[in-house]
J.: 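A single structure is presented below for examination.
Note that ligands are numbered from 1 as they come in the structure, with each ligand's atoms numbered from 1 the same way. All residue numbers refer to positions in the sequence shown, counting from 1. These figures come from a predicted structure and were not determined experimentally.
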Amino acid sequence: MHAPMHDLFDAAEAEAGGAAQFAEDAWLLRGFALDRAAALLEAIDAITAQAPFRHMETRRGLRMSVAMSNCGALGWVSDRRGYRYAARDPLDGQPWPPMPAVFARLAAQAARAAGFDGFKPDACLVNRYEPGTRLSLHQDRDERDFAAPIVSVSLGLPATFVFGGAARGDRVQRLSLRHGDVVAWGGASRLFHHGVLPLAEGSHPLLGARRINLTFRRAG
Ligand code: SIN
Ligand code: FE2
């Protein structure tokens, strides 16, 4: 939280279509999902019609400011019992909506572009941010093994992504993530801390005052 921050990582080499490495085994793929954004948004609408966005509770009973849904065989859930993956939506006891082919293909292609072949995600967390929404620094470590990377797709309003190290107090760098950008990390940085600063006000032509993030993982 109070670690010194690097300058915003906004490398000229990471222009649309470009890939820029920002840590070991960690890549920013600028605009990688742009050509599929409309199909992704359509699929997100279908997913959240079945499994609506909701604000989950932390173990301590705090309401998360990010609204979440899931698709795929496993969904990430949080409640008073803690964090875990579950095959069913706790709201209605039904399986999560299946992962659309356009999601799985994008995740595998982005992983490959970042050096991770054969990525087959079984979980996609759908995160919705509104101005003021933030995600505090955390590790993704509820998955069964850490061999697979994490692929994170940004849609809608821009956000500042913070990426630190193995220890919570490690220096963090900041990446500006825009509509269509993809971040993929794994290997040496698989368990590195990361988070999202409070979303700034704004209006995106496709999503209005919202940002949606898709996080793909191999959980089970
Ligand atoms: C996450 O860490 O689960 C989401 C990151 C993001 O919204 O970019
Ligand atoms: Fe995360």
J.: Considering non-hydrogen atoms only, spot the tightest contact between L155 and H179 and give its length.
T.: CA-ND1, 3.6 Å
J.: Just checking Q139: does its CD atom have more than 12 heavy atoms from other residues, nucleotides or ligands closer to it than 6.0 angstrom?
T.: yes
J.: Give the numbers and elements of all ligand 1 atoms closer than 4.0 Å to a heavy atom of R211.
T.: 6 (C), 7 (O), 8 (O)
J.: So, N70 versus W76: side-chain donor-acceptor pair below 3.5 Å or not?
T.: no
J.: In a check of ring-ring contact (aromatic ring centres under 6.0 Å, His included) between W185 and each of F22, F116, F119, F161, which one passes?
T.: F161
J.: If you count the atoms of ligand 1 from 1 in the order shown, which ones are under 4.0 Å from a heavy atom of N127?
T.: 3 (O), 4 (C)
J.: Return the residue, atom name and 0.1 Å-rounded distance of the protein heavy atom closest to atom 1 (C) of ligand 1.
T.: L135 CD2, 3.5 Å
J.: If you check every N/O/S atom of D140, which is the one nearest the Fe ion (ligand 2)?
T.: OD1
J.: Under 4.0 Å from any heavy atom of Y129, which atoms of ligand 1 are there?
T.: 4 (C), 5 (C), 6 (C), 7 (O)
J.: With a 4.0 Å cut-off on heavy atoms, is R217 touching ligand 1?
T.: yes
J.: Restricting to N, O or S atoms, which atom of H138 is closest to the Fe ion (ligand 2)?
T.: NE2
J.: Out of the N/O/S atoms in H194, what is the name of the one closest to the Fe ion (ligand 2)?
T.: NE2
J.: Number the atoms of ligand 1 from 1 as they appear, then name those within less than 4.0 Å of a heavy atom of V196, with their elements.
T.: 5 (C), 6 (C), 7 (O), 8 (O)
J.: Check ligand 1 against H194 and write out every atom of the ligand that is under 4.0 Å from a heavy-atom position of the residue.
T.: 2 (O)
J.: Please tell me whether H138 and D140 have a donor and an acceptor in their side chains that are separated by less than 3.5 angstrom.
T.: yes
J.: Determine whether the side chains of Y85 and R217 contain a donor N or O and an acceptor N or O closer than 3.5 Å.
T.: yes
J.: May I ask you to check if R190 and F146 form a cation-pi contact, with NZ or CZ under 6.0 angstrom from the six-membered ring centre and within 45° of the axis?
T.: no
